[in-house]
Amino acid sequence: MPTPPRGDLAVPALLLAPRLLGAVLTSDVGAHSVSVRLTEVEAYEGALDPASHAYRGMSARNAVMFGPAGHLYCYFTYGMHWCANVVCGVDGVASAVLLRAAEVIAGLDTARARRPKTRKDTDLAQGPARLATCLGLDRATNGVDLLDPASPVRLEDLPSRRPQGTRSGPRIGISRAVEHPWRFWLADNPTVSRTPRSPSPRGTDPGR
DNA sequence: AGGACGATTAACT
DNA sequence: GTTAATCGTCCTC
């Protein structure tokens, strides 16, 4: 599995996000290996984006977002869930892509064990906190280098261009900057967390 | 020091 | 469709 050059990730989240669709993430946390193929992501553009954790500057929680591209930003929310981002942009500028959903392509038994009540395999990583649970991501994996072959979590495949069948629409679960269509997903993929009724929100369909 | 709220999920009506 | 769970973070006083 080829590791992408770091320079490919040193771009704004809006550019990287659709290209992450189809990319493979592998976790070796806890001596168990799980691999997923990303199907849904969201771009968060740091200081320019009122919905970003980095909008009001650096803090202990979001410090990883301000570092170099290719690292993992994990955060705890709602008192019980962990979610994960791929940090992008140039060093010093906060930019990141939230990993919202994926399909499990290896380590299915481990993924099922981590999500014991899940019936359908397409639900295992359907949602950002579910995805993090499947891969065993939490405080311990915050900041790890996804491009280091020795890292417990690695980004192993990055499509050379935006895959066919990409769709976009408003981000989910935020209260500010709700109008930006900065959520991206693979059309007709059963693992996408919330499929819009219409093919795509008005005018945001990048084409099939 | 206190309190509102959150890049969510599962369970319920 | 609605809501409880549950606590770290950040804003305000």
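These numbers were taken from a predicted model, which means no experiment stands behind them. Each chain gets a letter, A, B and so on, in the order its sequence line appears, and its residues count up from 1.
The residue among A:Thr118 and A:Ser52 whose nearest nucleotide of DNA chain B is located toward the 5' end is A:Ser52.
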Solution key, residues 174-182 of chain A side-chain donor-acceptor pairs under 3.5 Å, sequence neighbours excluded:
residue: A:Arg176; atom: NE; partner: A:Pro50; partner atom: O; Å: 3.2
residue: A:Arg176; atom: NH2; partner: A:Pro50; partner atom: O; Å: 3.1

Show me the donor-acceptor pairs, under 3.5 Å and distance only, between side chains in residues 4-20 of chain A and residues at least two apart or in other chains.
residue: A:Arg6; atom: NH1; partner: A:Ala69; partner atom: O; Å: 3.0
residue: A:Arg6; atom: NH1; partner: A:Asp145; partner atom: OD1; Å: 3.1
residue: A:Arg6; atom: NH2; partner: A:Asp145; partner atom: OD1; Å: 3.3
residue: A:Arg6; atom: NH2; partner: A:Asp145; partner atom: OD2; Å: 2.9
residue: A:Asp8; atom: OD2; partner: A:Arg19; partner atom: NH2; Å: 3.0
residue: A:Arg19; atom: NE; partner: A:Pro159; partner atom: O; Å: 2.6
residue: A:Arg19; atom: NH2; partner: A:Pro159; partner atom: O; Å: 3.2

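For the side-chain contact (heavy atoms from CB on, under 4.5 Å) test, no residue two or more places apart in sequence or in another chain qualifies with A:Met80. In this structure, A:Tyr44 has no ring pair (Phe, Tyr, Trp, His ring centres under 6.0 Å) partners at least two apart in sequence or on a different chain. With sequence neighbours left out, A:Lys120 forms a side-chain contact (heavy atoms from CB on, under 4.5 Å) with A:Thr122, A:Asp123. With sequence neighbours left out, the side-chain hydrogen bond (donor to acceptor under 3.5 Å, both in side chains) criterion links A:Thr39 to A:Thr191. Here A:His81 pairs with nothing under the ring pair (Phe, Tyr, Trp, His ring centres under 6.0 Å) rule; sequence neighbours left out.
Stem regions annotated for DNA chain C: B:1-6 with C:7-12, B:8-12 with C:1-5, counting only runs of 3 or more consecutive pairs of Watson-Crick or G-U type with both contacts under 3.5 Å.
Annotation: proximity of residues 107-117 of chain A to DNA chain B (heavy atom, distance under 4.0 Å) is found for A:Arg115, A:Lys117, numbered in ascending order.
Between the side chain of A:His71 and the main chain of A:Val87, no donor-acceptor pair closer than 3.5 Å is present. Judged by distance alone, with hydrogens and angles left aside, the side-chain atoms of A:Gln126 form a donor-acceptor pair with the main-chain N or O of A:Val192 at under 3.5 Å.
Taking 4.0 Å as the cut-off between side-chain N and carboxylate O, A:Asp109 and A:Arg114 do not count as a salt-bridged pair. Using a 4.0 Å cut-off between charged side-chain N and carboxylate O, A:Arg37 and A:Glu103 make a salt bridge.
Using a 4.0 Å heavy-atom criterion, one finds that A:Ala51 contacts the bases of the nucleic acid, with or without backbone contacts as well. A:Leu98 comes within 4.0 angstrom of a base, heavy atoms only.
In this model, a donor atom of one side chain and an acceptor atom of the other lie less than 3.5 Å apart for A:Arg100 and A:Ser193.
In 5' to 3' order, the nucleotides of DNA chain B bounding all contacts with chain A (an atom under 4.0 Å from a heavy atom) are B:dG6 to B:dA11.
C:dT3 and B:dC5 have their C1' atoms separated by 16 Å, with the value rounded to a whole Å.
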Reading nucleotides 1-10 of chain C from 5' to 3' and marking B where a protein heavy atom lies under 4.0 Å of the base, S where only the sugar-phosphate is that close, and - otherwise, the string is ----BBBSSS
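Listed by chain and number, the hydrophobic cluster partners of A:Phe76 are A:Trp82, where partners are ILVMFWY side chains within reach of under 4.5 Å, directly or through others.
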